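Working notes, beginning with the structure itself.
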Amino acid sequence: MNRRAKMVLDRELRIARIDERIYGSFIEHLGRAVYGGIYQPGHPEADEEGFRQDVVRLVKELNVPVIRYPGGNFVSNFYWEDSVGPVEERPHRLELAWRSMERNEIGINEFSRWIKQVDSQVMMAVNLGTRGIADACNLLEYCNYPSGTKYSDMRIRHGVKDPHNIKVWCLGNEMDGPWQIGHKTMEEYGRLAAETAKAMRLIDPSIELVSCGSSNRDMPTFPEWEAATLSHTYEYVDYISMHQYYGNRDNDSSDFLAQSDDMDDFIRTVIAACDYVKAKKRSKKTMNISFDEWNVWFHSNEADNDITENHPWQVAPPMLEDIYNFEDALLVGLMLITLIRHADRVKIACLAQLVNVIAPIMTDAAGGVWKQTIFYPFMHASLYGRGTALLPVISGTKHMTAGHGEITDIETVAVYNEEKDELTIFAVNRNLKEDVELTTDVRSFEGYHVLEHIVMENEDLKAANSLAEEKVYPVNGDNRSRMEDGFIISLLKKASWNVIRLGKYPAVREK
């Protein structure tokens, strides 16, 4: 083997404490995410409220701390009052973003009850497309004010005595996008978001607010949008949002796996824009990032266009139901590594989405539930990526790609969990042809031993899971990593996702 990489880890060289909310997700009133996803009355696994418990169990496996709701593009024509009160009195509406029929069977209160089942928190988005300041304030009052006002008492009449106490609020969604209902210019959105933020904080000063950033790095107004909107919102919000999806439309797997480099560059550019505004305003405040939409998304595009153009106004049509393969799981792992590397500024992130819609969890209407390939790297990061992100010193071999030039074989990051005395290394070998030997200097972690080396690999990059068969899943690769005099020698097979876990004496395997 002539391909090698070296990494030095020191417990004192730290990026930042990881905010657990970077392992968040997203559920939008879109396709079968809600209806037929988390909610399906009459299903054998449904509880008395209609929530599928087989889905609940898988969501809990992912240990998701925050879930963004109810959109997404959906939110820009969302009338929140339609989603509360007696279900039989709620109106049906034409849902303009996805050209579907919204029956409002599930709303804020029902979703909040489901959130408790999966041990998570709501990250609420407000409609700044077709509505504005007053409606955002009314919704906040309904959700968070205890009692004695119009909207808090309305909530109580609806059977919810205690306030939801939702802490994170998104000020609209992708308002730079011409596809957005109520699309705004930079100046229009900046002014509206700032005034909405000021008003909402008067009601509940404890909330955290997310200002809309660019919908993706290819938008013609990026990064001017960030600089212009933050010039209005900087002192009133806590985060600026980022959204990015990737796909392998050219069927070039090597170049596909290089796209995590684009994500890294995107984050660095947004940080630069934020810091420019900070300097311009002579502010002492540092703006952080909510990367609240990220994933692979391209498999279902043609089918989605057919539904919206030729078969509109269905109830919960099967939209954005990408079936993910093994190489998609590798890129999701690479994107997770990128997020962890930027833990000093990325404080919230949402895998978009959670169930059925570009999701790690899929349901069958008549039967079961199953894990997509991307389920596993997300689960590993969420379970073992809690603690402090370490600053690795890395060197290693590279290979050429068609669109990104020369890229590293190995992408890796490490997380130190002081409370559990554990060190976890996440690594992807994105060389599709050759294995790489990774030597990691962990001499500053005296007394640590390899607990396990989890690996996902498959000779078929296009292998996918289904309800009938799981072809892609993690296995134990204990013989892949060994300890020698304070160094870990790890074999990272070609095209593989690796989780190398270390702990202190005694070296007891954990399941």
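Any value given below was found using the heavy atoms of this structure, including those in side chains, with hydrogens, waters and symmetry copies removed. Counting begins at 1 with the first residue of the sequence. Here the structure is a predicted model, which is why all the values come from computation and not from measurement.
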Does [atom1] belonging to [X] count more than 12 external heavy atoms closer than 6.0 Å?
| X | atom1 | result |
| --- | --- | --- |
| Lys420 | NZ | no |
| Glu406 | CD | yes |
| Lys6 | NZ | no |
| Lys398 | NZ | no |
| Glu110 | CD | yes |

Looking at [X] and [Y], does any basic side-chain N land under 4.0 Å from a carboxylate oxygen?
| X | Y | result |
| --- | --- | --- |
| Glu45 | Arg52 | no |
| Arg14 | Glu418 | yes |
| Asp275 | Arg345 | yes |
| Arg430 | Glu411 | yes |
| Lys494 | Glu459 | yes |
| Lys347 | Asp238 | no |
| Arg386 | Glu419 | no |
| Glu434 | Arg3 | yes |

For [Y], does its backbone N or O pair with a side-chain atom of [X] as donor and acceptor, under 3.5 Å?
| X | Y | answer |
| --- | --- | --- |
| Gln53 | Phe51 | yes |
| Tyr23 | Gly385 | yes |
| Asp322 | Ile358 | no |

Taking the inter-plane angle between the rings of [X] and [Y] on a 0 to 90° scale, is it parallel (under 30°), tilted (30 to 60°) or perpendicular (over 60°)?
| X | Y | answer |
| --- | --- | --- |
| Tyr416 | Tyr448 | perpendicular |
| Trp497 | His380 | parallel |
| Tyr69 | Phe111 | parallel |

Give the C-alpha distance, both sets of side-chain angles, the deciding distance and a yes or no for ring-ring contact (aromatic ring centres under 6.0 Å, His included) between Trp225 and Phe222. CA-CA 6 Å; Trp225 174 277; Phe222 173 74; over 10 Å; no
